[in-house]
Protein chains: 2
Amino acid sequence: MDNLLTRKLEIFAPLPDADRRLLDHTVRMARLVDGRADLIREGDDPLHVRLILEGFACRYKLLPDGRRQIMAFLVPGDFCDLHIFILRTMDHNIGTLSPCRVVDIPRTRILEMTERPALARALWWCSLVDEATLREWLVNIGARSAEQRIAHLLCELLMRLETVGLASNGSYDLPITQAEIADTMALSTIHVNRVLQRLRAENLITFKNGALVIPDVPRLKAFSGFNPNYLHLTERNGSKEPRR
Amino acid sequence: MDNLLTRKLEIFAPLPDADRRLLDHTVRMARLVDGRADLIREGDDPLHVRLILEGFACRYKLLPDGRRQIMAFLVPGDFCDLHIFILRTMDHNIGTLSPCRVVDIPRTRILEMTERPALARALWWCSLVDEATLREWLVNIGARSAEQRIAHLLCELLMRLETVGLASNGSYDLPITQAEIADTMALSTIHVNRVLQRLRAENLITFKNGALVIPDVPRLKAFSGFNPNYLHLTERNGSKEPRR
DNA sequence: CGTAAAATTGATCTGTCTCAACGTGGGTGG
DNA sequence: CCACCCACGTTGAGACAGATCAATTTTACG
């Protein structure tokens, strides 16, 4: 069975066996982290790159008045800080939402990876998809109603978790509180509560013992205006070199 | 005198003379584009990478109901679509705001550039700063008041334009309409108008024959909660290889 | 000059926030 | 094993930032 990192990177393109073996080796040394713990703080100059293997984490910034804005969800298979090779100093925080299993990948290992063309391109793909996701989140917060906004987030998480085998039949574990959804969607906790109630009343979502269930996925996607193109899950590039 | 692209890329690190010559050559063939014209549309598979040399452009997405959300401003020195090497299909549109001078850089030229270590890192830096800017915009739209939001945008543009020599003494040309600011900041045009009036009444900004003037830059930065760390303008990396 | 785009003004409406409670379930210590 | 407790979810009422609708004025420009 493929490890989670291999599975994630092969969404973009198949990898040579040697690369897959390197990834197997990379993923071996994981550690456990509590829920609600900071992995990296703004101002840090991290020495290695973190990868989430289990659990949910997030990127966030704190404002002077103590509010926080969550800018990204990190789910298993996601890198926390690939950019530290270029941008030494973190301009935001990364914290866990639930308890997580995390690997610390040494810089030398990442350099080794970037020397292999297929892996280098797969890492680049990760970084560009993160950026595309950020653009979609900006649209989400800027232009959609609270109901659509939250529905859109739930659709995105469904697709992302499906690609790493953590969701199926429109259902997945969502170990986060309404307050955390509020910090993500730029809404008050109270409003998130009311919106979730309405989504449940419309039977767009339900909760079955802790897990989110989306009874009719196409309906929720249509309701939220979800278009998965920004996740770039289908543009496989099997060649060893960029086209042309 | 350095060309604009060299100037922009050397914000990150000095470039070897050979690289600078390559950039001089790259920037030679520019073309003019009208204001309010699309450079690239969602769904396109662009053949070359576009670079803005003069004028303002933006990334945007259109919603089913016709509204648009602008997700980034592109100013002289900014690349439109470096990511097409990996993500073939555009997931958003790029359009000019004012008349622009644009270079179309062939894919082969970009490949040539990425084979030179200093240039490759400079291009990576551009892409990561774009991503960091997107995160800050998410905070801006999600967590700040309309007044702070617009003030923050004006502070960011001041800094970005200063780095390419297009702003000085807290003043720069801002060839965009209030409706465009509204599409950017997720506000109505009318509210943007009122907010700008209030900012002028507070003497936080003024307009002198078409140009924006910020009489007291530190005051506007403080007012908007502007922290330039996300632009990563000061972490120069002069070495030929990544540290460690 | 005439015209269209942009900026401005006023009045009203509404989605979301804030404040202030209250309910509830799972974990812990006595 | 029960009682307490704290985090989380829920409810109601009132306030407000910003949207919407409908004109009117100003500006840029052919």
Side-chain angles (χ1 to χ4, degrees), chain A residues 34-37 56 63 65-69 95-99 140-153 173-202 205-212 224, chain B residues 34-37 56 63 65-70 95-99 140-153 173-202 205-212 223-224:
Chain A
D34 286 343
R36 287 146 200 257
F56 277 43
L63 289 129
D65 64 1
R67 273 176 313 153
R68 86 172 162 173
Q69 177 68 47
T96 60
L97 295 168
S98 65
N140 206 27
I141 290 188
R144 285 195 260 260
S145 72
E147 271 85 356
Q148 288 183 302
R149 221 183 277 189
I150 293 179
H152 192 279
L153 174 69
D173 273 325
L174 187 62
I176 61 175
T177 66
Q178 295 183 354
E180 286 157 347
I181 296 178
D183 286 348
T184 309
M185 298 282 91
L187 297 168
S188 71
T189 307
I190 291 162
H191 201 58
V192 168
N193 181 280
R194 292 182 170 135
V195 167
L196 287 175
Q197 287 180 49
R198 265 177 269 167
L199 292 177
R200 275 178 293 183
E202 300 273 0
I205 61 172
T206 56
F207 288 91
K208 274 207 183 79
N209 38 311
L212 173 75
S224 64
Chain B
D34 285 343
R36 286 146 201 257
F56 277 43
L63 288 130
D65 65 1
R67 273 176 312 153
R68 85 171 163 174
Q69 177 67 48
I70 292 176
T96 59
L97 295 167
S98 66
N140 205 28
I141 289 188
R144 286 195 260 260
S145 71
E147 271 85 356
Q148 287 183 303
R149 222 183 276 189
I150 294 179
H152 192 280
L153 174 70
D173 273 326
L174 187 63
I176 62 177
T177 67
Q178 294 183 355
E180 286 156 348
I181 296 178
D183 286 348
T184 309
M185 298 283 92
L187 297 167
S188 70
T189 306
I190 290 160
H191 201 59
V192 167
N193 180 279
R194 292 185 170 134
V195 166
L196 287 174
Q197 288 181 49
R198 265 176 270 166
L199 293 177
R200 276 178 293 183
E202 299 275 0
I205 60 173
T206 55
F207 287 91
K208 274 206 183 79
N209 38 310
L212 172 75
F223 172 80
S224 65

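From a predicted model like this one, the values you see are computed outputs, not experimental measurements. Proteins come first, then strands; the chains are lettered A, B, ... in the order of their sequence lines, and each starts at number 1.
- Taking every side-chain heavy atom of B:Thr177 into account, C:dA7 is the closest of C:dA7, D:dC8, C:dT16.
- Of the candidates C:dA6, D:dG18, C:dT18, the closest approach to any side-chain atom of A:Ser188 belongs to C:dT18.
- At whole-Å resolution of the value, CZ in A:Arg194 and P in C:dT14 are 18 Å apart.
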Quick one: do A:Arg194 and A:Glu147 satisfy salt bridge (charged side-chain N to carboxylate O under 4.0 Å, His left out)? Show the steps, please. CA-CA 9 Å; A:Arg194 292 182 170 135; A:Glu147 271 85 356; over 6 Å; no
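- For the pair B:Gln178 (side chain) and B:Ile190 (backbone), a donor-acceptor distance under 3.5 Å is absent.
- For A:Arg200, a side-chain nitrogen or oxygen approaches OP1 or OP2 of D:dT10 to under 4.0 Å.
- Between B:Leu187 atom CG and C:dG15 atom P there is a gap of 17 Å when expressed in whole angstrom units.
- Between C:dT16 and A:Arg198, no contact under 4.0 Å exists linking OP1 or OP2 to a side-chain N or O.
- Taking only side-chain nitrogens and oxygens, A:Gln178 comes nearer than 4.0 Å to OP1 or OP2 of D:dT10.
- As rounded to whole Å, 12 Å separates atom P of C:dC17 from atom CE of A:Met185.
- Distance, B:Ile190 CD1 to C:dA6 C1': 12 Å, rounded to whole Å.
- Atom CG of B:Leu196 is separated from atom P of C:dT9 by 12 Å (rounded to the nearest Å).
- Residue B:Gln197 places at least one side-chain N or O under 4.0 Å from the OP1 or OP2 atom of C:dT9.
- A donor-acceptor pair is defined here as one N or O able to donate and one able to accept, closer than 3.5 Å; no such pair exists between the side chain of B:Ser98 and the backbone of B:Pro175.
- To the nearest angstrom, P of C:dT18 lies 15 Å from CG of A:Asn193.
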